Trainee: 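This is the structure I have questions about; it appears just below.
Nothing here was measured: the structure is a model prediction, and the numbers come from that model. Computed from heavy atoms alone, side chains included, the values below leave out hydrogens, waters and symmetry copies.
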Amino acid sequence: MTVRVARPSDLPVALSLWEALHRAHEALDPRYRLGADAGLRWSNDFRTWTRSATDRVWLALDGGPVGLLTGHLYEPAPTFAPFSMVYVDDLYVAPAARGAGVATALLDAARAWGREEGATQLRAGVLARNEAGRAFWARQGTEDLSVTVTVDL
């Protein structure tokens, strides 16, 4: 398996993995719904991220695309003590490749990049009903910082 930084020409492969991630999220929780133009918007962002110093997209390849991670250098709002972090927006591994270390390899690439850029922390959001995702993050040593709650009005 190879993990590498995505190039602009990787958009079709990256978008396919991103769409699979969000279809999986929608299946886990009906409250999770993307807009009709989400793929177009993400594609536009992808083009920016692949040329940016503060954003990265990694692909895992093993005879074809098997994983995706998007990460961004981020600083908290000015009301908080300043520090730099890597925020992981998307982490997805194709079902057939799960359990083979793909997610950890992608995360290791994001961690290394963050350290090179002076980040001192990595954060991510994970869908509350994504038990496999929550278990993965727990194995990585994470702990909850905040919890988002919701109620229909």
Trainee: Determine, stepwise, if the pair V88 / T70 fulfils side-chain contact (heavy atoms from CB on, under 4.5 Å).
Mentor: CA-CA 6 Å; V88 174; T70 62; 5.7 Å; no
Trainee: Taking the side chain as every heavy atom from C-beta outward, state whether M85 and T120 have any atom pair closer than 4.5 Å.
Mentor: no
Trainee: Would you name the heavy atoms of P65 and V13 that are closest together and state the gap between them?
Mentor: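 Where P65 meets V13 most closely, the heavy atoms are CB-CG1, 3.2 Å.
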Trainee: Between Q121 and S84, is any pair of side-chain heavy atoms under 4.5 Å apart?
Mentor: no
Trainee: What are the two closest non-hydrogen atoms of A81 and P76, and how far apart are they?
Mentor: O-CG, 3.6 Å
Trainee: Quick check: is L69 connected to W137 through a chain of hydrophobic side chains (ILVMFWY, heavy atoms under 4.5 Å apart)?
Mentor: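 As far as the 4.5 Å side-chain criterion goes, L69 and W137 are connected within one cluster.
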Trainee: Side chain of D10, backbone of R7: donor and acceptor closer than 3.5 Å?
Mentor: yes
Trainee: Using 30° and 60° as the class limits, which term best fits the ring planes of W18 and H22: parallel, tilted or perpendicular?
Mentor: tilted
Trainee: Where do L17 and V93 land on the side-chain contact (heavy atoms from CB on, under 4.5 Å) test, with the steps shown first?
Mentor: CA-CA 8 Å; L17 291 165; V93 175; over 6 Å; no
Trainee: State which residues pass salt bridge (charged side-chain N to carboxylate O under 4.0 Å, His left out) with R56; sequence neighbours excluded, sorted by chain then number.
Mentor: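 None.
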Trainee: Using atom types as modelled, flag every donor-acceptor pair under 3.5 Å from a side chain in residues 126-136 to any protein atom, sequence neighbours excluded.
Mentor:
| unit_1 | atom_1 | unit_2 | atom_2 | d |
| --- | --- | --- | --- | --- |
| N130 | OD1 | G133 | N | 2.8 |

Trainee: Can you list every pair that meets ring pair (Phe, Tyr, Trp, His ring centres under 6.0 Å) and has a residue in residues 69-123, with sequence neighbours left out?
Mentor: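 Residue pairs with at least one partner in residues 69-123: W49-H72, W58-W113.
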Trainee: Which atom pair, heavy atoms only, marks the closest approach of L73 to A119?
Mentor: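 Answer, listing the atom of L73 first, then A119: CD2-CB, 4.3 Å.
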Trainee: Does the pair R123/D89 count as a salt bridge with the N-to-O cut at 4.0 Å?
Mentor: no
Trainee: Under the salt bridge (charged side-chain N to carboxylate O under 4.0 Å, His left out) test, which residues partner R31, sequence neighbours left out?
Mentor: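 Scan of R31 (salt bridge (charged side-chain N to carboxylate O under 4.0 Å, His left out), adjacent residues dropped) gives D29.
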Trainee: I need the full list of salt bridge (Lys or Arg N to Asp or Glu O under 4.0 Å) pairs touching residues 101-121, with sequence neighbours left out, sorted by first then second residue.
Mentor: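 Qualifying pairs, neighbours excluded: D108-R111.
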Trainee: Search all heavy atoms of A60 against all heavy atoms of L106 and return the closest pair with its distance.
Mentor: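 The answer is N-CD2, 3.9 Å.
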Trainee: Do V3 and L68 share a hydrophobic cluster (ILVMFWY, side-chain heavy atoms under 4.5 Å, transitive)?
Mentor: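 Cluster IDs for V3 and L68 differ.
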Trainee: Is there a chain of hydrophobic side chains (I, L, V, M, F, W, Y, each step under 4.5 Å between heavy atoms) that links V57 to L107?
Mentor: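 No, no single cluster joins them.
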Trainee: Could you walk me through whether V102 and M1 satisfy the side-chain contact (heavy atoms from CB on, under 4.5 Å) test, starting with their C-alpha distance in whole Å, then the side-chain angles of each, then the deciding distance to 0.1 Å, before giving a yes or no?
Mentor: CA-CA 8 Å; V102 175; M1 178 193 47; 3.5 Å; yes
Trainee: Please tabulate, for side-chain N and O atoms in residues 37-48, each donor-acceptor pair with protein atoms closer than 3.5 Å (sequence neighbours left out).
Mentor:
| unit_1 | atom_1 | unit_2 | atom_2 | d |
| --- | --- | --- | --- | --- |
| D37 | OD1 | R41 | NE | 3.3 |
| D37 | OD2 | R41 | NE | 2.8 |
| D37 | OD2 | R41 | NH2 | 3.3 |
| W42 | NE1 | D90 | OD2 | 3.4 |
| S43 | OG | G39 | O | 2.8 |
| N44 | OD1 | R47 | NH1 | 3.0 |
| N44 | ND2 | L40 | O | 3.4 |
| R47 | NH1 | S43 | O | 3.4 |
| T48 | OG1 | N44 | O | 3.4 |

Trainee: For the backbone of A6 and the side chain of T50, can you confirm whether one donor and one acceptor N or O come within less than 3.5 Å of each other?
Mentor: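 Side chain of T50 to backbone of A6, a donor-acceptor pair under 3.5 Å: no, none is there.
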Trainee: Among the clusters formed by ILVMFWY side chains lying less than 4.5 Å apart, do L11 and V66 turn up in the same one?
Mentor: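 No; tracing contacts between hydrophobic side chains, which count when under 4.5 Å, never links both residues.
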Trainee: Tell me the closest heavy-atom pair linking G114 and V86, and the distance in Å.
Mentor: CA-CG2, 3.4 Å
Trainee: Looking at every heavy atom in both S52 and D55, which two are closest together, and how far apart are they?
Mentor: OG-OD2, 2.7 Å
Trainee: Answer yes if L61 and V5 sit in the same cluster of Ile, Leu, Val, Met, Phe, Trp and Tyr residues linked by side chain heavy atoms under 4.5 Å apart, and no otherwise.
Mentor: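 No, it is not one cluster - the side chains of L61 and V5 are not joined through contacts under 4.5 Å.
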Trainee: Nearest 0.5 Å please: distance from the CG atom of D62 over to the CG atom of L59.
Mentor: 13.0 Å
